[in-house]
Amino acid sequence: MNMQPYSERLEAVRAQMSEYQLDALLVPRADEYLGEYLPAYNERMAWLSGFSGSAGAVVVMRESAAIFVDGRYTLQVRQQVSQQLFSIHSLIDEPPLQWLQGQLGRGQRVGYDPRMHTPAWLLSAQKLLAANDHQLVALEHNLIDSCWQERPFAEAQPAMLLPETYSGQSSVDKRRQIGLAIRAAGADVAYIFAAESCAWLLNIRGRDIPCLPLVLGSGLLYANGEMQFFCDPQKIPDGFAEHVGTGVEVLEESGSAQVFSGLGGKVVLHDPQAANAWSRQQLEKSGAQVLDGTDPVALPKACKNPVQVQGMRDCHIRDAVAEVQFLAWLDAEVAAGRLHDEAELADQLFGYRAAQDLFQETSFDTISAAAGNAAMAHYNHLNGEPSRLSMDSVYLVDSGGQYLDGTTDITRTVAIGSPPAEVRRSFTLVLKGCIALAQVRFPAGTSGASLDVLARQYLWQQGLDYEHGTGHGVGSFLSVHEGPQRIGKAGADVALRPGMVVSDEPGYYKNEQYGMRCENLLVVVEAGQMVDTDKQLLAFETLTVVPFDRRLLDRDLLSGAELAWLNAYHSRVCALLSPLLDGADLAWLERVTRPL
Ligand SMILES: [Mn+2]
């Protein structure tokens with residue numbers, strides 16, 4: 001690696017630091033929108049260090065610098081970052097602020113950009129640093145931006161006006177509905193920080209970042225349903241005013257401070273866990289009364305309306321056609337002795353998906369993992385040299401698409417040759433969990449935390465487990481990772497409601513040997529009433545319609561009921577997809593969905 005550009009960049013940043021009399025500067029992998037994906041022009045940590053991972057932080061000091069990454073990136077960070085310039089630390093075991101305690105002298109100053117942290121983070125950071133007599137200094141301007149020559153240009157890609165045939169509810173209706181909720185919470189106005197929530201409120205989508213079809217921006221939604229949307233107005237296409245209906249004003253993002261300053265005396269709902277600290281500081285300065293609360297859009301956005309649920313069903317059928325074409329092709333290639341590498345496989349799958357109607361882009365970076373690579377749950381073949389398929393093992397492919405009518409996310413584990421009995425046994429335990437969760441019925445009020453064990457029970461009985469959640473929420477032509485509901489051991493206390501979409505993705509990972517996961521998307525549906533109370537009974541409908549690999553089954557481990565579920569599922573898959581396939585693909589589908 002060439003360390004010269006990075007050593008020059010560090011020196012430029014240090015020159016800025018001395019101008020502000022800073023002893024340390026925090027550079028998180030984040031931007032002012034605090035989302036999972038960053039546009040290239042906001043990859044500040046990568047510019048400074050060379051590290052391109054999706055999480056991490058850098059601390060620059062006068063004489064040294066440190067980078068912090070989690071367990072996914074311990075290898076990658078050593079390949080990308082000069083250890084002569086940066087010491088490497090664990091983001092989890094030794095996070096930046098704790099590490100700084102051992103580095104700073106009394107009274108020393110730590111600079112941070114309040115746009116890139118939440119108020120909740122700031123509160124705990126202030127406490128920690130004050131205890132050791134260090135000062136946290138909010139910076140008016142981002143010091144990286146002042147040093148970043150040739151920073152990529154922020155392209156103004158036009159927004160898309162999403163018709164009601166896909167959104168199912170007009171913007172005026174949505175804003176009135178959420179406005180009432182804001183009033184009920186005792187506020188005059190809510191700061192809608194999440195760009196996804198603004199996209200939902202205005203029925204618009206954008207192309208500002210990969211995989212997540214957003215227009216970057218934020219907004220103020222008033223109790224009467226009027227909204228001010230802060231974004232780059234150049235992105236707003238003709239016909240917007242007619243599309244969103246009455247009461248929406250589009251303003252430059254740089255104008256938000258001015259608007260905030262006029263909110264003195266108003267009660268403003270603000271989410272201290274999600275919004276950035278800068279917006280909070282502006283509101284407090286204006287004399288507004290800031291009311292802590294969660295994003296009032298999050299829950300209504302998570303509960304898909306009937307039009308969106310139908311869209312999810314429809315896009316899952318088209319997505320399944322692409323997945324089946326890929327799986328049929330893969331079997332034929334392996335049979336012909338062609339063991340492709342992970343990049344070729346991901347590209348082939350993308351080609352089938354991109355040919356589907358209403359396809360826009362992938363919903364996340366495809367995880368295409370052969371053999372031992374699949375044991376890393378967040379493996380990305382683009383981070384190093386892609387591996388080839390190896391015989392008598394398994395291949396894991398986790399992928400998804402953004403379609404105008406919905407978002408997909410599916411994982412299938414495929415037999416390459418004849419995997420050993422141990423692999424088939426593990427796969428069957430994972431699939432049993434996937435089936436158990438898909439089949440459960442539960443009373444209204446039940447949260448994902450109560451259901452999580454259903455997917456783990458068969459693994460637990462054998463002393464096995466997986467170190468990730470069982471399910472995440474999924475947006476409707478929005479984020480593939482959407483809250484507030486989830487299915488997991490912890491942090492899954494939001495009750496599941498009709499229309500919510502969640503993934504069902506138990507897995508098993510044997511370090512350096514193999515990894516497997518079965519992932520379907522489910523939508524919560526009504527299933528009648530509880531017998532002894534008038535409480536609603538709920539169930540899941542499985543949206544994903546792609547066969548599971550029967551070559552990986554250990555038949556002895558499946559109960560009669562599980563076998564019946566699998567046969568019924570495969571027969572439904574065949575009925576839905578066979579009219580859409582022909583030739584070798586159709587023959588493959590008919591073969592792999594025959595009753596067991
Ligand atoms: Mn998933």
Side-chain angles (χ1 to χ4, degrees), residues 35-37 54-55 72 196 210-213 301-302 304 312-313 315-316 319-320 322-323 326-327 346 349-350 353 361-369 373-381 394-403 406-414 427 430-431 433-438 448-449 451-452 454-456 459 465-492 494 496 500-509 515-524 540-546 548:
E36 185 178 347
Y37 291 95
S54 68
R72 289 174 287 171
E196 290 162 71
C211 304
L212 178 50
K301 172 161 65 67
K304 275 66 181 171
M312 287 297 261
R313 287 187 190 113
C315 75
H316 274 81
D319 199 65
E323 185 89 10
F326 171 72
L327 293 172
L349 174 55
F350 176 80
R353 202 169 248 135
E361 59 179 329
T362 54
S363 57
F364 57 98
D365 289 341
T366 298
I367 300 175
S368 170
N373 291 338
M376 295 176 261
H378 295 270
Y379 177 72
N380 188 337
H381 60 271
V394 283
Y395 167 65
L396 181 154
V397 57
D398 185 353
S399 66
Q402 294 286 6
Y403 298 86
T407 301
T408 68
D409 181 3
I410 168 173
T411 309
R412 285 296 177 268
T413 305
V414 184
F427 177 85
V430 169
L431 181 62
C434 184
I435 293 172
L437 179 59
L451 303 184
D452 179 71
L454 291 170
R456 295 181 200 270
L459 288 162
D465 199 6
Y466 48 93
E467 298 301 317
H468 58 71
T470 296
H472 53 84
V474 177
S476 173
F477 186 27
L478 272 180
S479 179
V480 76
H481 297 141
E482 182 182 273
Q485 80 281 9
R486 66 186 291 269
I487 296 173
K489 290 176 185 167
V494 172
L496 295 168
M500 282 183 170
V501 175
V502 289
S503 66
D504 171 6
E505 50 179 313
Y508 178 65
Y509 310 91
M516 52 184 52
R517 191 157 61 246
C518 292
E519 178 183 26
N520 278 350
L521 296 194
L522 314 173
V523 58
V524 180
F540 292 119
E541 172 188 322
T542 299
L543 292 167
T544 308
V545 282
V546 173
F548 290 102

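Ligands are counted one by one from 1 in listed order, and the atoms in each one are counted from 1 as well.
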Minimum heavy-atom distance between Glu196 and Ser479, given as atom pair plus value: OE1-CB, 3.2 Å

Is a side-chain N or O of Ser368 found less than 3.5 angstrom from the main chain of Val397, in a donor-acceptor match? no

Is there a donor-acceptor pair closer than 3.5 Å between any side-chain N or O of Gln402 and the backbone N or O of Cys211? yes

Heavy-atom side-chain contact between Leu451 and Leu437 under 4.5 Å: yes

The Mn ion (ligand 1): which protein N, O or S atoms are under 2.8 Å away? Asp409 OD2, His472 NE2, Glu505 OE2, Glu519 OE2

Do the non-hydrogen side-chain atoms of Leu431 and Met516 ever get within less than 4.5 Å of each other? no

Euclidean distance, Ile435 CD1 relative to Leu454 CG, rounded to 0.5 Å: 13.0 Å

